[in-house]
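For reference, the structure is listed below as structure tokens.
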Amino acid sequence: MNCARTVLAALVATTALAGPTALPALAADAPVIALSNSFYGNDWRRQMVDSFTAAAEQAKSEGLISNFVVLNGDGSVPQQQSQIADLILRGVDAIAINAASETALNDIISKACSAGIAVIAFDSLLTADCAHTLGFDFTAYKTEQAEATLKLIGDKGNVIVVRGVKGSGPDEQMNAAQMAVLKQHPDVNIAATVYGQATAPVAQAAIANVLPSLPKIDAVLGQGGSDDYGIAQAFEQYGGEYEGHMPVIEGGGSADFIRWWAAQHKAHGYTTTSMNTTPGIGGAAFWVALALADGKEVPKEMTMPVAVVEEANLDEYADMPQGRIVSPTYTQEWVNEKLLDAPAD
Amino acid sequence: MGEVLNMSRQAEPAAAQSPKPAVVSLSDARVTYGPTVAVDGLSLVIRPGEVIGLVGANGAGKSTLMRVLCGAATPETGTLSVADAPVDFDRYGPSEAHVRGVRIVWQELSLCANLTVAENMFVERPDVGASALGWRRPFRRLARESLDAVFPGAEIGVDRAVGDLPIGQRQMVEIARAATAPGLSLLILDEPTSSLDAVRSRQLRDFVRARSAEGLAVIFISHKLGEVLDIASRVFVMRNGRAVMDAPAVEVTPTRLVEAMGGKDAVSATARPPATRGEALAHIGGALTAPLGGDITLHAGEIVGVAGLEGDGQKPLLERLFRARAHDRDVTRNARVAYVSGDRAREGVFPLWPVSANIAIGRIAERAPLSRVSARKERQAAEPFAERLDLDRSRFSSNILELSGGNQQKALAARALASEADILILEDPTRGVDIGTKRAFYEVAREAARRGKLVIWHSTEDAEFAECDRVLVMAAGRITAELTGEEISEERVLATAFAGREAAGDAAGAQRGNLSLALARLALRNAALVGLVIVCAALVWLNPMVASAFGIELLLGPAVALTLIAFAQMFIVGGSEIDLGVGAFASLVNVLSATLLVSSPVLGVGALLAGLAGYGLMAGIIRLRAVPAIVVTLGASFVWYGLGYSLQPSPGGAAPEWLRAITQWSITGVPTPLVLILVFTLIASLLHRSRLGTVLRGFGSSPLALERSGWSPLRYSIIRYVIAGAFAGAGGLVITAMNGASDINAGSGYTLLAVAAVVLGGCRLLGGFISPVGVAAGAVTLSLIGALLGALGVSTDFNAAVQGLLMISVLGLRALVEREDT
């Protein structure tokens, strides 16, 4: 179980600089689990860290772990590299990592692996060979949502495509999925493509910039984060022909958007689709990391489900507190059943 | 040509007797700056061995005429021959003038303040051969020999930075540098003695006399008419861009000279009533006045002179009077103070402002921060003083740098006079000012004293102390004598100063610094190293495993790329610019090397070279089109990102095998990243210390000086940027090698971290001062902070704040020590 510390001690001993030094004073038997989160500046990430912490607290009180560590970064690669180096030297047993870059952390992660630390990358994944991954199937859920959205406008009309974080893997996958769906809908015309960076103010500004030059828009395909509410705001602000006749804006599960949808629904019978990646993945990642630290069999690649809000269950979410994102809480049982025991694809 | 010779024969019989060919002959030159005619159809023939004393009021066109002779200005009309060979003005620049044996010592000193005396020697004489390593040695010797030749016994350390020398010594270095150049046929000295004391001034004149006997022609420009008549064989007087007198020196008297220049009431020395002493405004005591055996009190209504030999503590005394810090018990004052510095370029003028604003700021600075400022009212307040100093009212709205040196000094004097301070400190206020203005200045100072102000006056021209009621003579940092009334005379001041210095024994003894301050300075100069040691010690204390080779390898791995990128930023900062695209460029190289370089190596290498060429192109745009670097590099960063996104829409790729081999080797017990960082730091240091690095540093702090020594700003700008591009590119390659893949977004954090590392490393953002070791230490420290805070259990929300606080406290402490230094 404590192979990580054994390997680390061996490494230190061979280098002989520190001599027969004592390992960090952590409790001997139960493992230590760490979260390395690259960025802490939006609601999604905060909720994710909260879900990790809640799961960890529970495990600690049950004696399943001796301790846990949470390190949040500033979004930059050097910062996260430095934090992971610290975690390795502390001799933690497993690291759950939401990465600042798909590739730029590979070097430090392979060092973590060779020090005997189990690594589970989740949400923003990385490509180091030794890491297990727990991701969302962006292609699948965006295909599903785009089809549902286009169905709402009768498979014809003008759409705006709002892209996400430029140069990131998820943006590439989600956009490819949307484009594939659009290709099968010859009557749907792409009026504009803009970058919303998955952030409300950016998306709002980007839409507001292009709206005056566009024909009447029937739907907007987004990428989530908080871009949904920004897009809705841009149309609200523009007013005119859209007043009371909002286009179908793809939702990304933010409370602001769900409340706006509910209000529009009440007033004008408005409807749309909402699917989102769930911040509850933080808790799921914890339980996977614990399983790894305990030496259990864990699939190399795992996929998380997404959260769906429809007209049918809209009322359940209509009074969500502001700043929250639709997400269930994933328990250890759920993780064991749905992720660890799931047959490999 | 013949006509010109005839003219000069008529005007100047002494020259006609000389059969030797002219060293320089200028005919009918005309130079205008906008509406101002600086040189108006002037002709001048100079023969070997002649010493021409060139005098004229401020703005008479002397400096412009000299610029023409040494290739720094091109006349609209006229011809110039040097050693009987006609000059093509299109190709006649400073370096061509050097080749032809014409050199000038500028009135505005043109040494690189951040370079050592020896390095400044190299900048002027790059042709002297030297080996690649230890290339400074011949220049040290050369500097020492040159200084000894002109100023025997000067004992200026040739490894000291010129900026650390007092202004008089800087002037000595500059004179020695030009005066001892080989193949010299004409030496132009523009106000060479303005900051020299009487001894050094005499040494210089002796040197000039000796060299002119050997055939060197010299033009000696000075407002100190006594010196001019002492040294010159021929006197040439200019007024409004024309020659108004050209006669053998023996036939000329000071009175005639002043009349020719157009000075007024120059003859009669100011008769003045005895000073009426008002209330005590300042007090000097303690160690400073120990030789006198008593304290000194300065009163309202007095003009007090501060005299002494160069570097004997006059300027520090003035600064202590100005600052009057609470802990300074020896020097106190109880009234408001205004300061006029003779070193106008460095601490006087606001170069971007018009004359009127330069005058008004003195008054405005005394008011409450939010009070209203009316340009018209300020102008009205300044006018009487400016007028009394003969400063032309029509030039009020010109930029201050368009005025001649003397007129700039007038504006600064007007600033102090117009302010409402009760104490005026004048530090060599008439440096480079013509005799007419000097007279006006004395009268204005006198009147200020009459109106109840205390005027404290330091001058390098001992004759000026005749204007004072009291003179404090300093030697070796202390006041050794106090002269009053009849005792004050040029001879007496000089004699007392010498006596004082002898009594004080070795003058160097006074320079002994305070040990704790020296230690603090040492620590701050190496702030990054100290920071690194502290951070490392803390990390090891928290977790001893950090000290193992494995720990070092882990923690330093990410610092390698940052160090390289910080070096790139360092070289740009050394040129007083900043590169906002350095992280983006490293990312682009990261992407290029993980995609193109793998799939088609030839194309990849070509693309990398094209990237470097892009850096060179940026330098070209910045220099030729005068676009600020911050704009160009910011624009370029978007280009780098754009290229990166289109090459690789989402992260991935692979590293070429050979590239991985460079960083992925390992020797047991030796942390690879540490070795890499040391090797890169060594490379950057060698580059920094090399001749090329020295020229780049010179350009960073004094581009004009380098240009005047014949170096091309464009070429060295391009070299600087290509070096930076190479380091940033190396950073990108390291990222690829370590991660085996690329991500265009991964480098965005590096740009600002690199700036932070450069600042922590002790480089000045104003350029010229860089330190590769410091920058490497800064980069490593910054990349360890995340780990340190993690280990301390401090919330990572504070991470950025801690980095920022670290930077600000280092800068703040450094500023504090620099203030103590002066």
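Atom set for the values below is all heavy atoms of this structure, side chains included, hydrogens, waters and symmetry mates excluded.
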Given that the side chain runs from C-beta out, which part of [X] has a heavy atom under 4.5 Å from chain A: side chain, backbone, both or neither?
{"X": "B:Leu753", "result": "side chain"}
{"X": "B:Glu553", "result": "both"}
{"X": "B:Leu562", "result": "neither"}
{"X": "B:Tyr750", "result": "side chain"}

side-chain contact (heavy atoms from CB on, under 4.5 Å) between A:Ile160 and A:Thr193, intermediate numbers included: CA-CA 6 Å; A:Ile160 299 178; A:Thr193 301; over 6 Å; no
Go through [options] and name the one with the most non-hydrogen pairs under 4.5 angstrom from chain A.
{"options": "B:Pro651, B:Ala741, B:Gly749", "result": "B:Pro651"}
{"options": "B:Val670, B:Ile735, B:Asp743", "result": "B:Asp743"}
{"options": "B:Leu539, B:Leu555, B:Ile744, B:Thr663", "result": "B:Leu555"}

Given A:Asp107, A:Ile84, A:Asn106, the one with more heavy-atom pairs under 4.5 angstrom with chain B than any other is A:Asp107
Of all of A:Pro170, A:Ser101, A:Gly169, which one pairs up most often with chain B through heavy atoms under 4.5 Å apart? A:Ser101
Check ion pair A:Glu172-A:Arg163 (N to O, under 4.0 angstrom): yes
Would you call A:Arg46 and A:Asp50 a salt bridge, taking side-chain N to carboxylate O under 4.0 Å as the test? no
Starting from the C-alpha separation in whole Å, work towards a yes-or-no answer on side-chain contact (heavy atoms from CB on, under 4.5 Å) for A:Asn98 and A:Ser36. CA-CA 6 Å; A:Asn98 196 335; A:Ser36 171; over 6 Å; no
Regarding [X] and [Y], is there a side-chain donor-to-acceptor distance under 3.5 Å anywhere?
{"X": "A:Asn72", "Y": "A:Asn37", "result": "yes"}
{"X": "B:Tyr645", "Y": "B:Asn745", "result": "yes"}
{"X": "B:Gln648", "Y": "B:Ser742", "result": "yes"}

